[in-house]
Amino acid sequence: MAVLSQEAVASLAKRLEQAQLTGATINKVTDDYPNLDWGDAYNIQWAIRQRKLDRGGRIVGLKMGLTSWAKMRQMGVETPIYGFLVDEFSVPDGGVVDAGKLIHPRVEAEIAVVTGRELRGPGCQVAQVAAAIDCVLPAIEVIDSRYENFRFDLPSVISDNCSAARFCVGGITRRLKDLDLKTLGVVLEKNGEVVETGAGAAVLGHPLNSVAMLANLLSERGPQELNTIPAGTFILTGAVTAAVAVQAGDAVRARHQGLGAISLRFA
Ligand code: OOG
Ligand code: MG
C-alpha cells in the first residue's frame with residue numbers, strides 16, 4: 001500500500017487541481033512516480049477534495065467511472081473507479097458549458113440516483129442498495145482528462161478524480177419501483193443526431209451494482225467518517241455508452257426512457 005510521502009501527495013494534488021482549474025494538460029502522475037499504487041492515487045484524489053473544501057467548495061455527489069464495457073474498451077482500463085463531484089462542476093439542464101475552460105471534453109449519458117439512507121460496505125449488495133435509493137434521475141457527465149490525448153493508466157485517472165469536470169442533472173425524478181433500470185433505454189444526441197444508444201444493463205449488469213461497488217470501495221478507506229455513502233447522496237453510476245468528444249458550438253441531449261430529456265450546449 002501507498003508508497004508516496006505526504007509532501008508528494010500534496011504537491012501532485014496541487015498540480016492536478018491547478019490543471020483542472022486552468023484547463024492545461026500535465027504529465028501522468030505515473031511518469032514521475034512509476035510505483036504509485038491505488039492507495040496513493042486515492043490519497044491524491046482525497047487531497048484534491050480537501051483543497052476544494054478548504055476553498056469553500058461543497059461536495060455535492062459521488063461518481064463511479066469505467067463501469068460499462070463500452071467505457072472500459074474505449075479507455076483500455078478494466079476496473080471501475082470512483083471520484084467526487086463538487087458544486088463548481090454543476091451545470092443546469094439547458095445550460096451552457098464554457099469549452100474554453102476545458103481541455104478535450106467528452107460527454108457521457110448516465111443514470112443517477114439519490115440515496116435516502118446510508119449505505120455501508122464491505123458486503124453491500126444490490127438488495128441493500130435497492131432499499132436505500134430514494135429516487136432515480138437522468139444525467140449527463142462531462143469528463144475532461146487532465147492528461148494528454150485522454151490517455152492514462154488506472155492510478156493516474158484515479159488521482160485525476162476520474163476526469164470529473166462538469167455534470168448536469170434534471171429531467172423527471174422517479175421512484176426506483178417504477179423503473180426497470182436494467183432495460184432503461186438511453187439515447188445520446190449531438191447536434192440533433194443520435195451518436196450513442198444503450199440500456200442500464202451496460203453498467204455492471206445493473207446500475208445498482210455500481211452503487212453497491214461504490215459502498216464497498218469506500219469502506220476500504222479511512223477516515224472513518226468518510227468511508228460510507230451518507231443518506232441524501234447524489235451518485236452518477238457511470239456512463240452507459242462510450243464517451244463522445246465535444247467542442248464549442250456543439251449541443252448535446254440525453255434521452256432516458258421514462259425520465260425525459262436533458263441538454264447542454266458548449267460555447
Ligand atoms: C474516466 C472516467 C469515466 C465513466 O462514467 O465511465 C467515467 C475517463 O474515462 O476519463 O466517468
Ligand atoms: Mg462518467
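Each ligand, and each atom within it, is numbered from 1 in the order the structure gives. We use all heavy atoms of the structure for the numbers below, so side chains are in, but hydrogens, waters and symmetry mates are not.
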Would you mind listing each N/O atom of ligand 1 next to any protein N/O under 3.5 Å, plus the distance?
residue: ligand 1; atom: 5 (O); partner: Glu108; partner atom: OE1; Å: 2.9
residue: ligand 1; atom: 5 (O); partner: Glu110; partner atom: OE2; Å: 3.0
residue: ligand 1; atom: 5 (O); partner: Ala239; partner atom: N; Å: 2.8
residue: ligand 1; atom: 6 (O); partner: Leu66; partner atom: N; Å: 2.7
residue: ligand 1; atom: 9 (O); partner: Lys71; partner atom: NZ; Å: 2.8
residue: ligand 1; atom: 10 (O); partner: Ser163; partner atom: OG; Å: 2.6
residue: ligand 1; atom: 11 (O); partner: Lys63; partner atom: NZ; Å: 2.9
residue: ligand 1; atom: 11 (O); partner: Glu108; partner atom: OE1; Å: 3.1
residue: ligand 1; atom: 11 (O); partner: Glu141; partner atom: OE1; Å: 3.0

Review point. Would Lys63 and Glu108 satisfy salt bridge (charged side-chain N to carboxylate O under 4.0 Å, His left out), going step by step from the backbone distance to the final call?
Key: CA-CA 12 Å; Lys63 63 168 283 186; Glu108 303 177 324; 5.2 Å; no
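- A salt bridge links Glu17 with Arg55: the closest approach of a Lys/Arg side-chain nitrogen to an acidic carboxylate oxygen falls below 4.0 angstrom.
- Residue pairs meeting the ring-ring contact (aromatic ring centres under 6.0 Å, His included) criterion with at least one member in residues 95-140, sequence neighbours excluded: His104-Phe150.
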**Study point:** Working for salt bridge (charged side-chain N to carboxylate O under 4.0 Å, His left out), residues Lys28 and Asp31
**Key:** CA-CA 5 Å; Lys28 289 202 303 292; Asp31 291 344; 3.6 Å; yes
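- Residues Asp40 and Pro155 have side chains not in contact (no heavy-atom distance under 4.5 Å, counting atoms from C-beta outward).
- Checked by atom type and distance alone, the side chain of Ser210 pairs as donor or acceptor with a backbone atom of Thr237 at under 3.5 Å.
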Practice item. For the pair Ser163 and Val157, evaluate side chain to side chain contact (heavy atoms under 4.5 Å, CB included) and give the outcome as yes or no after the intermediate values. Key: CA-CA 7 Å; Ser163 313; Val157 65; 3.7 Å; yes
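- Excluding waters, the set of protein N, O or S atoms lying under 2.8 Å from the Mg ion (ligand 2) comprises Glu108 OE1, Glu110 OE2, Glu141 OE1.
- With side-chain heavy atoms closer than 4.5 Å counting as contact, directly or through intermediates, the hydrophobic cluster containing Val246 also holds Val91, Val97, Leu102, Val107, Ile140, Val142, Leu188, Val195, Val244, Val252, Ile262, Leu264, Phe266.
- Using modelled atom types, one finds no donor on one side chain facing an acceptor on the other under 3.5 Å when comparing Asn216 with Glu220.
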